[in-house]
Peer 1: 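Dropping the structure in here first, questions after.
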Amino acid sequence: MTEATRDLIVEHKGSAGLITLNRPEALNALTHDMARGIRKALERWIDDDRIRHVLIKGAGSKAFCAGGDLRDLYDTGVVKGRKGSAEQLAFFADEYRLNAYIHAYPKPFIALVDGIVMGGGVGVSMHGRYRVGSEKLMFAMPEVGIGFFPDVGGTYMLPRLKGEAGTFYALTGERVRQAEAFAVGILTHTTPSARFAELEAALIEAHEVKPVLDQFHAAPDTTSVASRLTAIDRLFSAPSVEEILSELDAEAGEHAEFATKAAAAIRAKSPLSVTLALHQMRIGRDLSFNDAMVMEFRIVNRILCGHDFYEGIRAVIIDKDNHPRWRPASLAGVDPAEVAGHFAPPPSGDLKIR
């Protein structure tokens with residue numbers, strides 16, 4: 001059985017439910033309809049004994065999913081003048097509920113990531129039981145670069161990666177390749193891109209998925225990233241962004257160039273966003289997944305009514321000048337009361353996970 005819309009293909013094949021994100025021309029960027037379609041399929045399959053596990057992949061050769069549909073959010077907020085509208089919030093509410101649903105899904109949920117996975121793509125791939133990445137994998141949570149924050153479960157996932165890797169990714173938007181992704185726990189398995197079709201076919205026929213995943217697993221050499229990860233743990237453990245920047249600026253020796261680049265990356269991002277992101281990383285370690293999603297919905301309520309998110313989209317996607325004018329323009333101007341306000345319940349009430 002196959003159900004296909006323009007942007008999503010849902011199939012029952014063998015022992016598997018197969019979901020294909022089908023917007024290759026847009027790097028499979030996630031739309032509201034796609035998020036609702038994934039949830040509908042998962043709900044239907046949960047009590048279907050013919051389906052033992054779920055596979056999700058992206059169409060095309062470049063990306064699993066490169067994020068959400070930012071242009072639509074910009075048009076609603078700026079062009080139509082409806083910042084923080086119910087229309088915008090409905091997308092995030094459904095997306096966050098889907099992330100939580102995937103995290104709690106009782107059947108094995110396997111993401112086959114053969115290319116770019118960022119933002120919203122992380123939310124529909126990295127919270128399932130198994131995450132398989134090829135040598136083409138490029139993982140990133142670059143939200144602070146557009147005045148946003150690492151959402152879609154980043155509050156829960158990133159602090160649980162090895163050491164301070166999640167903090168580093170959250171503050172810099174660093175692009176992560178296969179070996180490091182496996183070393184820090186983003187991926188559970190790695191398989192060559194050339195074998196992905198073979199792996200998919202084997203999983204479709206399998207009754208138990210872990211033996212198949214283990215059979216196709218080809219562990220990458222992670223020795224090349226070990227020293228870098230040790231440096232990240234040391235340099236990104238401070239309690240404030242200012243103190244992290246101070247550590248990076250003072251770094252000398254083997255990791256001086258890395259530290260300089262990381263500091264420059266942070267300073268280019270929205271000061272408010274990196275402050276919010278670090279707070280997420282520090283408190284997310286102690287939150288349940290559902291509580292993390294409730295907190296992210298609190299943050300997005302404030303972000304959508306503000307300035308930096310739309311300015312970031314303007315600079316990167318609309319005008320493409322890559323020179324966002326952040327408010328405030330520096331970390332020194334970030335108001336602690338404003339930061340705290342992002343973590344308070346919104347006027348409309350907290351997100352109900354269902």
Side-chain angles (χ1 to χ4, degrees), residues 3 5 7-8 10 12 16-19 21 29-56 65 67-69 72-73 76 82 84-111 119-131 141 143 148-160 280 283-305 342-354:
E3 295 178 14
T5 64
D7 299 333
L8 191 71
V10 174
H12 173 198
L18 176 61
I19 298 169
L21 309 179
L30 191 71
T31 67
H32 198 173
D33 283 345
M34 291 166 72
R36 287 185 289 213
I38 295 169
R39 176 66 182 258
K40 181 180 176 182
L42 293 176
E43 288 178 341
R44 186 171 68 248
W45 290 337
I46 199 167
D47 293 322
D48 188 338
D49 292 338
R50 299 171 301 167
I51 293 177
R52 301 179 65 89
H53 44 271
V54 174
L55 312 179
I56 187 168
C65 175
D69 195 339
D72 184 63
L73 289 165
T76 301
R82 297 205 294 266
S85 64
E87 179 183 353
Q88 289 180 316
L89 287 168
F91 167 68
F92 287 101
D94 286 342
E95 185 181 26
Y96 294 174
R97 291 184 186 118
L98 173 61
N99 302 153
Y101 196 71
I102 290 171
H103 180 262
Y105 204 65
K107 296 183 179 183
F109 185 98
I110 306 119
V122 172
V124 296
S125 61
M126 296 296 148
H127 304 313
R129 195 177 306 178
Y130 301 109
R131 289 91 59 193
M141 294 291 279
E143 291 82 0
F148 202 57
F149 67 104
D151 66 333
V152 295
T155 301
Y156 181 91
M157 173 192 176
L158 293 175
R160 287 166 174 78
Q280 285 178 263
I283 66 177
R285 294 166 175 162
D286 299 320
L287 295 178
S288 69
F289 194 94
N290 284 1
D291 285 345
M293 302 317 299
V294 169
M295 191 182 78
E296 289 184 7
F297 193 69
R298 292 180 176 185
I299 301 171
V300 84
N301 267 267
R302 289 292 296 269
I303 287 275
L304 290 175
C305 294
H342 284 74
F343 295 87
S348 58
D350 277 328
L351 178 69
K352 301 295 188 293
I353 304 291
R354 63 175 192 274

Peer 1: Are any side-chain N or O atoms of Glu95 and backbone N or O atoms of Val152, one a donor and one an acceptor, separated by less than 3.5 Å?
Peer 2: no
Peer 1: Roughly how far apart are Ile56 CD1 and Arg131 CZ, rounded to 0.5 Å?
Peer 2: 13.5 Å
Peer 1: Quick check against the 3.5 Å criterion: does Arg52 have a side-chain atom that pairs as donor or acceptor with the backbone of Ala16?
Peer 2: no
Peer 1: Using modelled atom types and a 3.5 Å cut-off, is there a donor and acceptor pairing between side-chain atoms of Lys107 and backbone atoms of Ile51?
Peer 2: yes
Peer 1: Aromatic contact between Phe92 and Phe149, with the criterion being ring centroids under 6.0 Å apart: yes or no?
Peer 2: no
Peer 1: Got a donor-acceptor contact below 3.5 angstrom from the Asp350 side chain to the Pro346 backbone?
Peer 2: no
Peer 1: Taking Gly84's backbone N and O only, do any of them form a donor-acceptor pair with Gln88's side chain (distance below 3.5 Å, no angle check)?
Peer 2: yes
Peer 1: Could you state the interatomic distance from CG (Asp291) to CG (Asp286), rounded to the nearest 0.5 Å?
Peer 2: 11.0 Å
Peer 1: Hey, what do you get for CG (Leu30) to CG (Asp7), rounding to the nearest 0.5 Å?
Peer 2: 9.5 Å
Peer 1: When rounded to the nearest 0.5 angstrom, what is the spacing between CG in Asp94 and NE2 in His32?
Peer 2: 3.5 Å
Peer 1: What distance do Leu89 atom CG and Thr76 atom OG1 have between them, rounded to the nearest 0.5 Å?
Peer 2: 11.0 Å
Peer 1: Would you sort out whether Met295 and Gln280 count as a side chain to side chain contact (heavy atoms under 4.5 Å, CB included), showing the intermediate values?
Peer 2: CA-CA 9 Å; Met295 191 182 78; Gln280 285 178 263; 4.1 Å; yes
Peer 1: Roughly how far apart are Lys40 NZ and Asp33 CG, rounded to 0.5 Å?
Peer 2: 11.0 Å
Peer 1: How far apart are the C-alpha atoms of Leu21 and Ile38, what are their side-chain angles, what is the distance that settles it, and do they pass the side chain to side chain contact (heavy atoms under 4.5 Å, CB included) test?
Peer 2: CA-CA 9 Å; Leu21 309 179; Ile38 295 169; 3.9 Å; yes
Peer 1: Go through His342 and Arg298 one step at a time and tell me if the side chain to side chain contact (heavy atoms under 4.5 Å, CB included) criterion holds.
Peer 2: CA-CA 6 Å; His342 284 74; Arg298 292 180 176 185; over 6 Å; no
Peer 1: List the atom of Pro150, the atom of Leu158, and the distance in Å for their closest heavy-atom pair.
Peer 2: CB-CD1, 4.0 Å
Peer 1: When you measure from the side chain of Asp69 to the backbone of Thr31, do you find a donor-acceptor pair of N or O atoms at a distance under 3.5 Å?
Peer 2: no
Peer 1: Could you check whether Arg39 makes a cation-pi contact with Tyr101, meaning its NZ or CZ is under 6.0 Å from the centre of the six-membered ring and within 45° of the ring axis?
Peer 2: yes
Peer 1: Tell me whether Glu296 contacts the main-chain N or O of Tyr96 through its side chain, where contact means a donor paired with an acceptor under 3.5 Å.
Peer 2: no
Peer 1: Ring centres of Phe109 and His53 under 6.0 Å apart?
Peer 2: no
Peer 1: Step through it carefully: locate the ring centre of His103, locate the ring centre of Tyr156, and say whether they are under 6.0 Å apart.
Peer 2: yes
Peer 1: Keeping the roles fixed (side chain from Arg97, backbone from Ile353), state whether a donor-acceptor pair exists under 3.5 Å.
Peer 2: no
Peer 1: Leu98 and Leu42: side chain to side chain contact (heavy atoms under 4.5 Å, CB included), yes or no, with the steps?
Peer 2: CA-CA 9 Å; Leu98 173 61; Leu42 293 176; 4.1 Å; yes
Peer 1: Taking all non-hydrogen atoms of both residues, which atom of Ala111 and which atom of Ser125 are closest, and how far apart?
Peer 2: CB-O, 3.4 Å
